[in-house]
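Report on one structure; see the data block that follows.
Just so it is clear, the model here is predicted, and its values are computed rather than measured. The sequence lines fix the lettering, A, B, ..., with proteins before strands; numbering per chain opens at 1.
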Number of protein chains: 2
Amino acid sequence: MDDTRTKLLEAAGPIFADHGFQATTVRDICQRAGVNLASVNYYFGDKERLYVETVKRAHGLAVDQVPLPDWSDDTPPEVKLRDFVRTLIERMIGVKHASWQMRLMMREILQPSAACRELVESYFRPHLDVLLGILDEMLPASAPEHRRAQLAFSLVGQCLYYRVAGEIVNMLVPEEQRQRWFSPPQLADHIAQVMLAALGRTEPLSTQLQSDCATGVCHTD
Amino acid sequence: MDDTRTKLLEAAGPIFADHGFQATTVRDICQRAGVNLASVNYYFGDKERLYVETVKRAHGLAVDQVPLPDWSDDTPPEVKLRDFVRTLIERMIGVKHASWQMRLMMREILQPSAACRELVESYFRPHLDVLLGILDEMLPASAPEHRRAQLAFSLVGQCLYYRVAGEIVNMLVPEEQRQRWFSPPQLADHIAQVMLAALGRTEPLSTQLQSDCATGVCHTD
DNA sequence: AGGCGTTTAATACACTTGTTTGAAACGGGC
DNA sequence: GCCCGTTTCAAACAAGTGTATTAAACGCCT
């Protein structure tokens, strides 16, 4: 399928992700796609319709690219939580240092547009439900609903941070330290450790870091 | 001081924050400021210079608006950490549901421009140092530097989340639940609890939530 | 008052934007 | 071949953009 329509969609993705809706020009997209200027209006009606289609396609590709593992019924919740974090981090910053799909979705998160409602229901809500299910296995039944949600947001927030503020992290952390200690799996394991320690499923971090700090960090498998 | 220059800066702030650099027009700014179209070129040379000045001014105002408390020397680190989180959250979503200053800075975080380097050195770095100092008081001396940084990012990430993904949270959490349990101080206390529990300075959350969940949540003072 | 540097004002100028147009090219079916 | 709907193309359009220009108004000193 390399018809003009899909060529347009594929060209539009990275450009919209980089510059946002307003700042990208249909001329730019058409040039990148190698098609005539009028094509976007012919196939999508106008620029905005093309944008919405691009966003939909983006999150479709994003979930396919790094899917959640399907756990067996006896997988302990600690492992599920760690896997969940790893998947999130991988989607955020793993795939070739941030795919255009994620960059585009990030724009929608920060400034929701017409394409966003669908994004929430078909992407965020299901993932939140999975995470809430994992947390339920570790929390007492008396834990109120809003605390579960806030815990989920705490976890997601830590992952999202490296996507949103990645450039800032790059400026704050020296190059060599970043290379050695800030790889996606390392960050994922750190976040999982924080959450598990907070939930009381692991020793607190301060005691973990007291003894044997070399091996305590990189149990990456 | 209501000369044209400052009128321009004050008008430009919210508009740049809402629409970004590209999508805002100097005509819009001048109209809102009630000054002539040519003024921006007269006072700032061009649109970009005005933008940079606006960003600088934004973070100047942001720190003044909600300053960090100055703790006495014997303030326990747990209190400092909680205060730090509260300050961050207050800056993120507290002041009249997100001031334009924060919205503008958020744009720079997500997509750094020329004005960003200065933002990092004069705003983010000092705050990070304060936070690292607080964490140092709770961590063993053997804790490696990169883990401290990651812990700091975990904390900041959780706070940033409600600013970045605030609209998504609004769609995911029912209105009434949001009204009751998602006020800035409540969110701040939750995040502080997570971090303190992870560090082992409090009981784990799962046991906290087991007993007496009604009073355990809202120690707002 | 008069002169002068500073500020404001209206307008014009290129230029880019999204979109439209109408004709040309294509691809089968009879 | 010829007709047809579909797709491509180059060009043009109208609106909106940042910026430049020019003259008028202002404030202030002597």
Side-chain angles (χ1 to χ4, degrees), chain A residues 1-58 100 103-104 107-108 110-116, chain B residues 1-58 100 103-104 107-108 110-116:
Chain A
M1 287 295 173
D2 58 341
D3 59 338
T4 329
R5 208 188 121 93
T6 59
K7 272 196 286 190
L8 271 175
L9 280 171
E10 299 211 339
I15 302 181
F16 276 136
D18 280 344
H19 307 86
F21 174 74
Q22 281 267 13
T24 73
T25 69
V26 301
R27 279 172 174 79
D28 203 6
I29 293 175
C30 289
Q31 189 179 350
R32 177 107 140 222
V35 304
N36 187 268
L37 170 62
S39 305
V40 34
N41 282 65
Y42 180 76
Y43 282 103
F44 297 93
D46 58 8
K47 183 186 174 187
E48 185 163 12
R49 235 91 56 93
L50 168 60
Y51 178 75
V52 174
E53 290 299 315
T54 307
V55 172
K56 285 188 191 172
R57 186 163 170 276
W100 63 265
R103 276 177 289 152
L104 192 51
R107 285 193 178 276
E108 282 298 314
L110 193 64
Q111 209 165 45
S113 79
C116 192
Chain B
M1 288 296 172
D2 58 340
D3 59 339
T4 9
R5 206 188 122 93
T6 58
K7 272 196 284 188
L8 273 174
L9 280 172
E10 299 212 339
I15 302 181
F16 276 135
D18 280 344
H19 306 87
F21 174 74
Q22 282 267 10
T24 72
T25 70
V26 301
R27 278 172 175 79
D28 203 5
I29 294 175
C30 290
Q31 190 179 351
R32 177 107 139 222
V35 304
N36 186 267
L37 170 62
S39 305
V40 35
N41 281 61
Y42 180 76
Y43 282 103
F44 298 93
D46 58 8
K47 183 186 173 186
E48 186 163 10
R49 234 90 56 94
L50 167 60
Y51 178 75
V52 173
E53 290 300 314
T54 307
V55 173
K56 285 187 192 172
R57 186 164 170 276
W100 64 265
R103 277 179 289 153
L104 191 52
R107 285 192 178 275
E108 282 299 314
L110 192 64
Q111 207 166 45
S113 78
C116 192

request  = Could you check how far CZ of Arg27(A) sits from C1' of dA10(D), rounded to whole Å?
outcome  = 12 Å
query = Ignoring hydrogens and geometry, is there a side-chain-to-backbone donor-acceptor pair from Thr54(B) to Leu50(B) under 3.5 Å?
reply = yes
query = Are the side chain of Lys47(B) and the backbone N or O of Thr25(B) linked by a donor-acceptor pair below 3.5 Å?
reply = no
message = Contact list please: residues 31-47 of chain B against DNA chain D, heavy atoms, distance less than 4.0 Å, in numerical order.
response = Leu37(B), Ala38(B), Asn41(B), Asp46(B), Lys47(B)
key: Protein-nucleotide distance (Asp3(B), atom CG; dC26(D), atom P), rounded to Å   = 18 Å
Leu8(A) CG to dG18(C) C1', straight-line distance once rounded to whole Å = 14 Å
task = Decide yes or no for Leu8(A) and Cys30(A): does some side-chain heavy atom of the first lie under 4.5 Å from some side-chain heavy atom of the second?
result = yes
message = Is any side-chain heavy atom of Thr6(B) closer than 4.5 Å to one of Asp3(B)?
response = yes
ask   = Is the shortest side-chain N to carboxylate O distance from Arg32(B) to Glu10(B) below 4.0 Å?
value = no
key: Rounded distance (Å) that lies between atom C1' of dG18(D) and atom NE2 of His19(B)   = 18 Å
remark   = Whole-Å distance, Glu48(B) CD to dT19(D) C1', equals 14 Å
request  = Please answer whether the main-chain N or O of Asp18(B) pairs with a side-chain N or O of Gln111(A) as donor and acceptor at a distance below 3.5 Å.
outcome  = yes
query = Can you tell which of dG18(C), dT7(D), dT19(D) lies closest to the side chain of Thr4(A)?
reply = dT7(D)
